[in-house]
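Inspection log for the structure reproduced underneath, given as structure tokens.
All residue numbers in this chain count up from 1 along the given sequence. Predicted model only: the values in this text are computed from it and were never measured. FYI, side chains are in, hydrogens and waters are out, and symmetry mates aren't considered; it's all heavy atoms of this structure.
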Amino acid sequence: MTEQTNSGRRRKVPFFLTGALVVLVLGGAGLGYASYKKLDHNIQGVDINAQLGTQRPVDVDDGSMDILVLGSDSRSGDNGAYGRDEGGARSDTAMVVHVHEGHKKASVVSIPRDTLITRPDCTDAHGAGVPGRNRAMFNTAYEVGGPACAVKTVEAMSGIRMDHYIEVDFTGFKEIVDELGGVGITTTRPIKDDDSHLDLAPGPHTLDGEQALGLVRTRKGVGDGSDLGRIQLQQAFIKALVEQVKGLGVLTDPAKLLGLADAVTRAITPDSELDSVQELTGFARGLSGIDAGSVHMVTLPVAYDRIDPNRVVPLERQSAQLWKALKDDLPVPASVTEDTAAGAAGGVVR
């Protein structure tokens, strides 16, 4: 499979909202046997551990947890409405969620998809070997080797073992937002992007699923038009969504509860250790103490590449500080963001 540059529209938008949604929807009320059976059937897992084997970073048992939340831009099924599939799927959005000991706070690291990295040798889902490559874009790891290669690449970059893996797709993301009755945000500047069908004036908005999807996909509508700006919008929207989910009274409405549960379980693709309602519920309950104010979001510290300004490269000193802090289960130091490239969209959504 050949590597490709980023183009077209994206399929999957994975977010840290999953934990908050699942704990409310699956763990907070009694669903009947038939409902649990239906929800279990919705969940299709992927066995990351079997594909990666034992050549991985040490699994440190210090009470913390690391989750790779990832998405793909493949257009298939209902997602075909968002563009023509032009080849292999690539990871469009990637976040490493580090849940600190005690599970009361989390640090979330967004990895720009255009980051040039050294991709390790991988084995794809069919057992075929995929050679590594220098100066490969981060999102090609998923393209050439699937979820396991994406996990292996993140582990090689960070030196941190990922405990779990989760994806959420475009159609499922829209359905979740619509089931929630929309998500409230405030924009400080106009956002207009014909490609994502988004046109927001400054001021308060309640975004439906289609508008929310447009917001987290837009690049040209605000800021400098880069993926870094889009990440800033995504991070702001995630906080708004998590805060709204935590405050909803969905548990008093059985029909709404079941609708949300159905949407969530159809939207996500977890690793094989989270591929049942029971496992997801236990996982989500462990995250129930985290609210939006306890989530610290940063972007991998990068600079624009000197050879190709459309790509970025990790800043070695700051990146090393970032990964060491997470490995040691410490807060991310402010020095991590010194001299890093930014997307000029900070503060546009709150």
Side-chain angles (χ1 to χ4, degrees), residues 10-20 22 43-53 55-60 64-74 89-100 103 106-113 115 117-120 122-125 136-169 173 231 234-235 238 267-275 279-280 283-284 286-287 290 295-300 314 319 322-323 325-327 329 332:
R10 286 92 192 166
R11 173 176 180 249
K12 299 198 175 184
V13 186
F15 291 133
F16 180 56
L17 64 93
T18 305
V22 173
I43 303 168
Q44 303 296 319
V46 56
D47 194 345
I48 300 293
N49 292 333
Q51 292 184 50
L52 292 184
Q55 301 301 310
R56 305 178 64 184
V58 175
D59 188 4
V60 179
S64 67
M65 180 167 56
D66 295 280
I67 310 148
L68 176 59
V69 187
L70 193 70
S72 156
D73 67 358
S74 172
R90 294 174 296 272
S91 57
D92 177 61
T93 306
M95 298 180 181
V96 174
V97 179
H98 178 83
V99 181
H100 292 273
H103 293 197
S107 298
V108 180
V109 180
S110 295
I111 303 176
R113 62 199 177 105
T115 305
I117 49 92
T118 299
R119 192 184 67 224
C122 293
T123 301
D124 66 19
M137 286 195 300
F138 171 79
N139 67 348
T140 63
Y142 186 98
E143 178 187 5
V144 301
C149 191
V151 171
K152 187 172 183 179
T153 299
V154 170
E155 291 184 344
M157 292 170 62
S158 65
I160 300 171
R161 184 184 178 110
M162 296 296 108
D163 297 294
H164 292 297
Y165 168 88
I166 296 175
E167 326 183 345
V168 180
D169 78 5
F173 173 74
I231 286 173
Q234 289 175 350
Q235 291 175 341
I238 292 166
I268 65 174
T269 300
D271 65 78
S272 57
E273 294 182 357
L274 297 176
D275 62 358
E279 290 168 329
L280 273 174
F283 163 76
L287 305 182
I290 303 173
V295 178
H296 180 209
M297 290 187 160
V298 297
T299 301
L300 180 73
S319 295
L322 169 65
W323 298 128
L326 297 191
K327 186 182 295 185
D329 196 33
V332 175

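- The only member of V60, V96, L326 that meets side chain to side chain contact (heavy atoms under 4.5 Å, CB included) when paired with I160 is L326.
- The distance from the CD1 atom of I111 to the CE atom of M157 is 4.5 Å, given to the nearest 0.5 Å.
- Note that CG of L52 is 8.0 Å distant from CZ of R161, once rounded to the nearest 0.5 Å.
- Contact record, M162 with I67: SD-C, 4.2 Å, taken as the closest heavy-atom pair.
- Taking the side chain as every heavy atom from C-beta outward, P314 and T115 approach each other to under 4.5 Å.
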**OP:** Starting from the C-alpha separation in whole Å, work towards a yes-or-no answer on side chain to side chain contact (heavy atoms under 4.5 Å, CB included) for M65 and H103.
**Re:** CA-CA 8 Å; M65 180 167 56; H103 293 197; 4.1 Å; yes

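- Nearest heavy atoms, I48 versus Y165: CG1-CB, 4.2 Å.
- Remark: S319 OG to L300 CG distance equals 4.5 Å, nearest 0.5 Å.
- If you take OG1 on T269 and CD on Q44, they are separated by 8.0 Å, rounding to the nearest 0.5 Å.
- Closest of all the heavy-atom pairs between A94 and L70 is CB-CD1, 3.4 Å.
- No side-chain heavy atom of H164 sits under 4.5 Å from any side-chain heavy atom of P270.
- Nearest heavy-atom pair across P147 and E167 is CG-OE2, 4.0 Å.
- Rounding to the nearest 0.5 Å gives a distance of 5.5 Å between CG of D59 and CG of D163.
- With a 4.5 Å cut-off on side-chain heavy atoms, E143 and M137 do not count as touching.
- The minimum heavy-atom distance between P120 and A156, with the atom names listed, is CG-CB, 4.3 Å.
- Every side chain to side chain donor-acceptor pair (under 3.5 Å) that N49 has, sequence neighbours left out, goes to R56, E273.
- With rounding to the nearest 0.5 angstrom, the CD1 atom of I117 is 6.0 Å from the OG1 atom of T140.
- Between T299 and P112 the shortest side-chain heavy-atom distance falls below 4.5 Å.
- Side-chain contact check for Q235 and S110: at least one donor-acceptor pair (N or O, by modelled atom type) lies under 3.5 Å.
- When each of V97, I238, V298 is paired with V108, the side chain to side chain contact (heavy atoms under 4.5 Å, CB included) condition holds for V97 and for no other.
- Closest non-hydrogen pair, H100 versus S107, comes out as NE2-OG, 2.8 Å.
- At least one side-chain heavy atom of V154 sits less than 4.5 Å from a side-chain heavy atom of F138.
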